[in-house]
Amino acid sequence: MKELILLGLSEVPSLQFPLFLFFLLIYLLTLIWNLLIIVLIVTDSHLHVPMYFFLGNLAGLDLCSSSVTVPRMLFDLHTQTRQITITDCLTQVFFFFFCATFEVSLLAVMSYDRYAAICQPLHYIQTMSWKVCVQLVSIVWCLGLIHSSIHICYAFQLNFCKSDIIESFFCDLPQLFQISCSDIFINVLLIFIFAIFFGVGSLIPTFLSYVYIFNTVLTIKVKGSRSKVFSTCTPHLTVVFIFYGSAWFNYFQLNGSHRFAGNKVVSMFYTVILPLLNPLIYSLRNQDIRKAFRDVIEKFIPNTA
């Protein structure tokens, strides 16, 4: 078997074009919002601090992760061409796993950055120097490449003969396991090992960081300081809960058949909707981002009144 068929979100012909327009709009908004975040961080000198350096990387990651799945889904919705080669399918899996690993690791790094800024403010400049920030992001990149490469090396050894139908709008390993006639024990074992390593290994520093942060916040007696601290932490915590919640529900709560309709909904949420939500969550309650945006608007559209 050299080609597979992606069933997509719906097989109802009358829904194909409305779905195409809807997800095209979401994809364009995702590109615009994340590019805007990157441009603001690069051009505004007030945002040249570690927190926004990591946020810029998260925005770039959201651009990539959305582009891994959405363009292919839009192509299938518009052309009704659902065939995908095994090589293209596994390539999509590679970049999907890379983006997921990058995000889960980057969220842990951002938690440590908030801990260093709030709990150790006097040593923050030394702790989170630009050299350290670049090294941390480089490590995250390497972890993503290593993790996805290992999965793909074993996935290329699989043979597919049970069926050529993937009941999803993108390629993911659990769906491929369902149609494989090869022994998938090693593949499944690797997923659980890396899920524990990256999932628990990223949650623990995130959890401990916020335990120390909340303890520090409770000792703050200056009026308004607590709300300012929470305004920088709440967006990150929101993204962490949404990301882990949707990933957990998709991979561990649904049955192994992957025929439950909710599976597509959850997959759509963390592959299509979440990259759009991330910049909105960080920008709506972040005064620095909003101020930088107003400065850009005033620069290009000066107030002549």
Side-chain angles (χ1 to χ4, degrees), residues 1-17 19-20 22-24 26-27 64-101 144-145 147-192 194-195 246-247 249-273 275:
M1 191 179 301
K2 298 186 181 297
E3 285 190 344
L4 302 174
I5 298 175
L6 294 169
L7 285 188
L9 292 173
S10 174
E11 297 180 71
V12 180
S14 60
L15 289 178
Q16 303 305 302
F17 188 65
L19 287 173
F20 170 79
F22 176 71
F23 287 108
L24 177 61
I26 290 180
Y27 183 56
C64 296
S65 61
S66 180
S67 298
V68 169
T69 57
V70 180
R72 175 70 206 197
M73 178 181 64
L74 293 175
F75 176 79
D76 290 341
L77 287 171
H78 182 64
T79 64
Q80 302 296 309
T81 304
R82 303 178 184 275
Q83 286 82 8
I84 184 171
T85 64
I86 298 292
T87 302
D88 290 344
C89 186
L90 292 178
T91 301
Q92 190 178 53
V93 172
F94 173 85
F95 286 105
F96 176 75
F97 267 77
F98 169 78
C99 292
T101 307
L145 289 173
H147 180 216
S148 53
S149 297
I150 292 174
H151 280 298
I152 290 303
C153 286
Y154 282 92
F156 265 110
Q157 300 177 22
L158 298 176
N159 293 316
F160 303 99
C161 58
K162 292 182 179 179
S163 173
D164 62 348
I165 297 176
I166 297 179
E167 298 196 16
S168 182
F169 58 92
F170 74 104
C171 293
D172 198 4
L173 285 183
Q175 286 92 337
L176 292 177
F177 293 161
Q178 295 297 316
I179 62 175
S180 173
C181 51
S182 303
D183 185 6
I184 60 172
F185 174 77
I186 297 297
N187 304 79
V188 175
L189 181 63
L190 286 173
I191 286 182
F192 277 99
F194 282 117
S246 58
F249 186 86
N250 186 66
Y251 284 99
F252 297 101
Q253 292 297 107
L254 298 179
N255 56 51
S257 65
H258 285 266
R259 296 177 183 272
F260 182 52
N263 183 41
K264 292 183 181 180
V265 176
V266 177
S267 297
M268 178 192 66
F269 182 81
Y270 73 81
T271 58
V272 181
I273 306 299

Do [X] and [Y] have side-chain heavy atoms sitting under 4.5 Å apart?
{"X": "V68", "Y": "F98", "answer": "no"}
{"X": "Y27", "Y": "P71", "answer": "yes"}
{"X": "E3", "Y": "I5", "answer": "no"}
{"X": "L158", "Y": "I86", "answer": "no"}
{"X": "F170", "Y": "V93", "answer": "no"}
{"X": "S182", "Y": "N187", "answer": "no"}
{"X": "M73", "Y": "T271", "answer": "no"}
{"X": "F20", "Y": "L74", "answer": "yes"}

Can you tell me how far the [atom1] atom of [X] sits from the [atom2] atom of [Y], to the nearest 0.5 Å?
{"X": "F94", "Y": "I150", "atom1": "CZ", "atom2": "CD1", "result": "11.0 Å"}
{"X": "C89", "Y": "Q175", "atom1": "SG", "atom2": "CD", "result": "9.0 Å"}
{"X": "E167", "Y": "I179", "atom1": "CD", "atom2": "CD1", "result": "10.5 Å"}
{"X": "L19", "Y": "F169", "atom1": "CG", "atom2": "CZ", "result": "11.0 Å"}
{"X": "H78", "Y": "L24", "atom1": "NE2", "atom2": "CG", "result": "10.0 Å"}
{"X": "L190", "Y": "F185", "atom1": "CG", "atom2": "CZ", "result": "9.5 Å"}

Check [X] against [Y] and note the closest heavy-atom contact, atom names and distance.
{"X": "I166", "Y": "L176", "result": "CD1-CD2, 3.7 Å"}
{"X": "A155", "Y": "L173", "result": "CB-CD2, 4.1 Å"}
{"X": "L90", "Y": "I152", "result": "O-CD1, 3.2 Å"}

Ring geometry between H151 and H147 (parallel below 30°, tilted from 30 to 60°, perpendicular above 60°): perpendicular
Quick one: does [X]'s side chain have a donor or acceptor within less than 3.5 Å of a partner on [Y]'s backbone?
{"X": "S180", "Y": "N159", "result": "yes"}
{"X": "D172", "Y": "P174", "result": "no"}
{"X": "S148", "Y": "F95", "result": "no"}
{"X": "T79", "Y": "F75", "result": "yes"}

Working note: V70 + I26, criterion side chain to side chain contact (heavy atoms under 4.5 Å, CB included); need CA distance, chi angles, decisive distance, verdict. CA-CA 9 Å; V70 180; I26 290 180; over 6 Å; no
Run the numbers on Y154 and L189 for side chain to side chain contact (heavy atoms under 4.5 Å, CB included), then give the verdict. CA-CA 11 Å; Y154 282 92; L189 181 63; over 6 Å; no
Any salt bridge (charged side-chain N to carboxylate O under 4.0 Å, His left out) involving residues 73-98? Give me the pairs, sequence neighbours left out, ordered by first then second residue.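 Non-adjacent pairs meeting salt bridge (charged side-chain N to carboxylate O under 4.0 Å, His left out): R72-D76.
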Go through the structure and list residues passing disulfide bond (SG atoms under 2.5 Å apart) with C64, not counting sequence neighbours. none
Would you sort out whether F23 and L9 count as a side chain to side chain contact (heavy atoms under 4.5 Å, CB included), showing the intermediate values? CA-CA 11 Å; F23 287 108; L9 292 173; 3.2 Å; yes
